[in-house]
Amino acid sequence: MSKSSSSTRLGDLAWSKSPKTSSSLFTLTYGVLVQHLCSSQTPSLEVNASLRKIGQNIGIRLIDDYISKTSLLSPNSPQQCTSFINTSEAISKVGLKMFLGITADVRVDSENSYTLILSSNPLADFVELPSSRSDLQYSNVLAGCIQGCLESVGFEVEVTIVKDTVWGDEGVEVKVEGKGRKKEELEGGFKDE
Amino acid sequence: MSALPPPLSIIPLEPLESNYNRPLDRQIPLTTLSTPYVSRDLFELLLSSIITQVVSQTSPTTTETTQSSEASAALIEAMGYSVGLRVAPLLLLPDMNDNGRSNGEEGSENEMGNPQALPAPPPLPGIDPGNSLSIVKYLCKDFWVGVFGKQIDKLQTNHRGVFVLKDYSFSLLKRIPTTTSPTSPSPLLSDSSRILAIRILAYPCGLIRGALSSFGFKNSVVSCDFLNDGRNVESTSFNIRIQS
């Protein structure tokens, strides 16, 4: 219990310290990106893949920001997630709050998977999908971002968007499944002589 | 060495006005945004991902021609136009551009906007819609604050439709890698940084052009320059020519 409230406090603190910009600008910019991808790469499958890749690139850079900001704000309590399930706390209460200004609920599905439940989707405010694009994973950039962040800290994961407001659902559900730790790869050349 | 692309002479692409004017199936009040703000760092990351994506699509090979770098800059500018067109009227409304108090957020961190949220604000505070100077002043103040967190540092005009907006520490350029050279006391941009900076600047040029268009000034040309004033590399000026 105390852990969760300290995460919430950390999230709020980090959010209050971060420079902000209008969310409509963000939503519109993302919308324009998706439009551009849809017009140039027609199959939805390719657009989904591009969005995921973009999300992964963002995630890799975002994790550095996250680590530096949280370690600055709470130098005494260690922020490293000791288990896979602990990452759900870090993402839902701290990460999502400090970057998107929202928090999510967590539903632990098993020892190695959890689902983040967001009540709304900041990427998709006022977005309607045309019927020809109903299989578009509009929020794939969010999935890719979470994947990129977790992979950068050593967890192999599979992230999927299960529910999304653009598909008419009430909120967004993101399923995160852990596939174990990443094997550390040493640079070539280290051999036992 | 390939020549750098000429200063952005913008090729206006079709704005998506037909979709924009289509009535939504349900009315959505503006106050039902998921969140009034997002982190600006996240926005900047999104923007640089967009630029990377556009560049990889327009120049699939590693050799960049002038044509392809112009094409990518034009595409980024068109995206900025599309966004600016829609976001400019939104940033006029105080509940989209204040410190979050109207949405019930506690402990308002007042990085931008008005210090107090007025209960029923007029939609066009102090703006005379037909007057280009008034609109440009709005761009320099509320619009720039809503997007970049600060105002334009200096505005100049010749009162005949030409405006120069100077920003001495433009936030999108803060993270560009710079080099130092023994001959110059202040940091410089390397060539690849310069190309990247031009692409990044295409977006706010489009934002400005879209914002002007949303107020009815559809024939404007917006370009930008590096100020190179020796202070820092992020000084830029945006030059607007409004044809009346």
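Sequence lines set the chain letters: A, B, ... in the order given, protein chains first and strands last, and positions in each chain run from 1. Just the heavy atoms: all of them, side chains too, but no hydrogens, waters or symmetry mates, feed the values below.
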How close do [X] and [Y] get, heavy atom to heavy atom, and via which atoms?
| X | Y | value |
| --- | --- | --- |
| R40(B) | K20(A) | NH2-O, 2.9 Å |
| S82(B) | V32(A) | OG-CG2, 3.5 Å |
| V147(B) | T21(A) | O-OG1, 3.1 Å |
| M98(A) | S39(B) | O-CB, 3.5 Å |

message = So, using side chain to side chain donor-acceptor pair (under 3.5 Å) as the criterion, who are the partners of D105(A) when residues are at least two apart?
response = none
query = Relative to chain B, which of I54(A), D12(A), L123(A) shows the most heavy atom pairs under 4.5 Å?
reply = I54(A)
key: Winner by heavy-atom pair count (cut-off under 4.5 Å) against chain B, out of T165(A), L62(A), N57(A)   = L62(A)
Residue [X] excluded, over 12 heavy atoms near [atom1] under 6.0 Å:
| X | atom1 | value |
| --- | --- | --- |
| K53(A) | NZ | no |
| K141(B) | NZ | no |
| K163(A) | NZ | no |
| K69(A) | NZ | yes |

Rounded to the nearest 0.5 Å, what separates atom [atom1] in [X] from atom [atom2] in [Y]?
| X | Y | atom1 | atom2 | answer |
| --- | --- | --- | --- | --- |
| I60(A) | L45(B) | CD1 | CG | 11.5 Å |
| I58(A) | D41(B) | CD1 | CG | 12.0 Å |
| F148(B) | S22(A) | CZ | OG | 11.5 Å |
| L51(A) | Q53(B) | CG | CD | 8.5 Å |

Any [X] side-chain heavy atom under 4.5 Å of [Y] side chain:
| X | Y | result |
| --- | --- | --- |
| L25(A) | V83(B) | yes |
| V54(B) | L33(A) | no |
| I50(B) | Y30(A) | no |
| L75(B) | H36(A) | yes |

query = Do S48(B) and R61(A) have side-chain N/O donor and acceptor atoms under 3.5 Å apart?
reply =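 Checked: S48(B)/R61(A) side chains pair up, N/O donor to acceptor below 3.5 Å.
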request  = Kindly indicate, with the supporting measurements, whether the criterion side-chain contact (heavy atoms from CB on, under 4.5 Å) is fulfilled by F99(A) and V38(B).
outcome  = CA-CA 6 Å; F99(A) 293 117; V38(B) 296; over 6 Å; no
query = Which residues in residues 140-153 of chain A have any heavy atom lying under 4.5 Å from a heavy atom of chain B?
reply =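 Against chain B, none of the residues of residues 140-153 of chain A fall inside the cut-off of heavy atoms under 4.5 Å.
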